[in-house]
J.: 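First, the structure itself, so that you have it in front of you.
Model, not experiment: these values are computed from the prediction.
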Amino acid sequence: MRVTTKGQVTIPKEIRDRLGIGPGSEVEFLPTEDGVRVVAVNENISEEEASRKFSQLLDHMAGTLDLGGMTTDEYIEWLRGPREDLDID
């Protein structure tokens, strides 16, 4: 898509529908290493719809993190690193 002289772009309908973007919705353009990400920041959806979308997101993410055999506690400890403020042997 092309950017107009006013800096405007048209978000394709498929993407608007997927993100729940409609007239009056607000979006943010967030820079990433690969380009830009569009985020809907003012979704007017019911709590039930938000819960459904969140469940779908969790289902999509299920099984995507391989902890290499570590338990959750071991992973968190590895992620955070040593705690110098605690006196644990």
Side-chain angles (χ1 to χ4, degrees):
M1 68 189 93
R2 294 193 191 276
V3 177
T4 69
T5 56
K6 290 184 174 185
Q8 299 170 332
V9 296
T10 299
I11 301 171
K13 183 175 182 347
E14 179 182 316
I15 294 173
R16 292 192 316 263
D17 291 346
R18 184 172 179 185
L19 296 177
I21 298 171
S25 293
E26 294 183 28
V27 297
E28 269 187 65
F29 292 85
L30 302 174
T32 68
E33 289 183 14
D34 299 327
V36 68
R37 185 173 71 152
V38 179
V39 178
V41 293
N42 190 19
E43 292 188 37
N44 294 320
I45 61 174
S46 68
E47 186 173 326
E48 181 179 304
E49 178 68 8
S51 179
R52 185 186 66 75
K53 284 186 170 191
F54 185 67
S55 292
Q56 285 179 334
L57 177 62
L58 290 179
D59 289 344
H60 179 72
M61 292 171 45
T64 60
L65 179 62
D66 179 5
L67 298 180
M70 287 188 276
T71 66
T72 303
D73 289 337
E74 290 169 336
Y75 177 73
I76 291 173
E77 185 178 331
W78 171 84
L79 187 64
R80 291 180 177 164
R83 294 281 312 262
E84 296 175 5
D85 60 322
L86 298 176
D87 189 23
I88 299 175
D89 294 323

J.: Can you give each donor-acceptor pair under 3.5 Å made by side-chain atoms of residues 59-71, sequence neighbours left out, with the distance rounded to 0.1 Å?
T.:
residue: Thr64; atom: OG1; partner: Met61; partner atom: O; Å: 2.6
residue: Asp66; atom: OD1; partner: Gly68; partner atom: N; Å: 2.9
residue: Thr71; atom: OG1; partner: Glu74; partner atom: N; Å: 3.1
residue: Thr71; atom: OG1; partner: Glu74; partner atom: OE1; Å: 3.4

J.: Would you say Glu48 has more than 12 foreign heavy atoms packed within less than 6.0 Å of its CD?
T.: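 Counting neighbours around CD of Glu48, 12 or fewer heavy atoms of other residues, nucleotides or ligands fall under 6.0 Å, so no.
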J.: Testing the basics here: between Leu19 and Ala40, what is the closest heavy-atom pair and its distance to 0.1 Å?
T.: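 What the structure gives for the nearest pair is O-CB, 3.9 Å.
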J.: What's the spacing between Lys13 NZ and Ile15 CD1 if we round to 0.5 Å?
T.: 12.0 Å
J.: Within a strict 4.5 Å, meaning less than it, do heavy atoms of the Val27 and Ile21 side chains meet?
T.: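 Yes. Closest side-chain heavy atoms under 4.5 Å.
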J.: Would you say CD of Glu14 has more than 12 non-hydrogen atoms from neighbouring residues, nucleotides or ligands within 6.0 angstrom?
T.: no
J.: If you link ILVMFWY side chains whenever their heavy atoms are less than 4.5 Å apart, which other residues fall into the same cluster as Ile76? By chain and number, please.
T.: none
J.: Nearest heavy-atom pair of Arg16 and Thr10: which atoms, and what distance?
T.: NH1-CG2, 4.4 Å
J.: Using every non-hydrogen atom in the two residues, find where Ser25 and Gly20 come nearest and quote the distance to one decimal.
T.: OG-O, 4.0 Å
J.: Do you know which two heavy atoms are closest between Arg18 and Lys53, and how far apart they sit?
T.: O-NZ, 4.0 Å
